[in-house]
Amino acid sequence: MFRLMRIIFEYKEPITLCFLIIISFSLMSLGDTTQLRGFRALSVTGIGTVQEVFSFIPNPAALKAENEALRELNYYLSKEVGKERKAKLENERLRSLLDIKQEYEFPVVVAEVVQRVTSGLRRYVYLNAGSEDGIQEGMTVANDRGLVGHVFAVEESHCLVQLITNLDTRISVVDERSRVEGILVWEGGRHMKLTKVAKSRDVQAGDMLLTSGFSSMYPEDVYVGTVAEVTEEPGSLFREILVEPRVDFDILEQVFVSMQVPHPEILELRKKLQEKINLER
Amino acid sequence: MALFKEETQLVTGNSVFQNPATRYVAYAMIALLLSLAQRLLLGGIEVGGVAPDLLLIFAVMIALGEGQFVGMLAAFGAGLIFDSVNVGAFGSSALAKVISVYVAGMFYREGMYKITVGSMKFLGIIALSSFVNNIIKNFFALRLTEVDFIDFFVTYGVSETLYTTVFAAFPMLYFARKKL
């Protein structure tokens, strides 16, 4: 016994290393369990609260960039308002002709970004709005430029938003001009990638992409990005399409959370899928 | 910085930090403060999503001051703190930090803490352990994805290693001045 203890003491470093590696792997194999989610949600609330205390510190670079973006947006909007008014009247006239029900518009909650979290290729932000404001998991988050992401986790006064510039992002989008559909993904860097678009389909640089009606996560017709570059790789059936997100995530400060929740069954199915993926890992 | 074992022995004979338990509690408090600083303050100096890993620097300093055994336990704790405030696979940062600090702990020499930390050797140790940390961390972050590991590692992993090494110059310069 004494000899065994002596051996353990002598080799305590490699033994500890092995022991800690086993614990780490065990924790990883647990996946995203309910207890773990609860623990992380507590961290979200704690950090969000502390971050709010520090939020008075201004960021001059971000303010300047935001000013420029707002001016540009103002110019763009003033032009759009006229077009919009004309289109709305035309739309109402056509709808009455076709007897189509008006789409139900969901109310929004305005929230501020209090914290950014980057973990490799997974990017999230904390908002200062939570379940007490009516926020629920799965709600869409956007700003005046376009789609920001969706609510990933909620606590009383804060929520965690998974940005579209996230490794796990898969958005069903449609080209505003040609109505070509594809799946938008992000694999790091400035641009997103539009995948599953055959070479024969009409997609050009400058085209705007909107969320399509096939998405279980996001509502239809929300601007996501602009096609930046279209290249054709020899030997591939698909095009390589780079998309610049409409939202500038570096200066993201205020966002709108749409109070539209995906169908509970869709959320449930997504959870089951996630659990299955975690188990396979 | 006078918290480290050797430091306390050199500075005073009756420091409260001579008691290992008190010292370890102090390490835990510092690790918590650093994790908060990492989340709250380093956003301003983040470049392209890359920020220095303060917890790793601290864990390596513990390994150089207390030895591999305590260093690994500190790294595991720091990794769990990091995992709890981030959204990746829980335990992956703990694993990466434990292995990287184990590597750093190989450079532990009793009684040489100030000399090691106050020299360029310390930056080399930080660069090595940060490199190991990033390889393991990114491996788990990218598995089951279509992202090319080499491309991603060259872009983000190497950048983070360099940025962390640059930040490690602050404690190095502090201890280099104390050596004089």
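Since the model is a prediction, treat every value here as computed from it, not as a measurement. Naming convention: chains lettered A, B, ... in sequence-line order (proteins, then strands); numbering from 1 in each chain.
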Neighbour count >12 (heavy atoms, 6.0 Å) for atom OH, B:Y163: yes

Return the option, out of A:L17, A:T16, A:I21, with the maximum number of heavy-atom pairs under 4.5 Å with chain B. A:L17

I'd like to know whether NZ of B:K121 has more than 12 heavy-atom contacts from other residues, nucleotides or ligands below 6.0 angstrom. yes

Rounded distance [0.5 Å steps], CG in B:L73 versus CG in A:L20: 6.0 Å

What's the separation between atom CG in B:L80 and atom CG in A:L27, rounded to the nearest 0.5 Å? 6.0 Å

Rounded to the nearest 0.5 Å, how far does CD1 of B:I136 lie from OG of A:S24? 10.0 Å

Look at atom CE of B:M106 and say whether more than 12 heavy atoms of other residues, nucleotides or ligands are closer to it than 6.0 Å. yes

If you compare all heavy atoms of A:E13 against all heavy atoms of B:M72, which two are closest, and at what distance to 0.1 Å? O-CE, 3.2 Å

CD (A:E156) with more than 12 external heavy atoms under 6.0 Å: no

Considering only heavy atoms, which portion of B:Y102 lies under 4.5 Å from any heavy atom of chain A: side chain, backbone, both, or neither? side chain

Measure the spacing between CZ of B:F90 and OG of A:S29 and express it to the nearest 0.5 Å. 12.0 Å

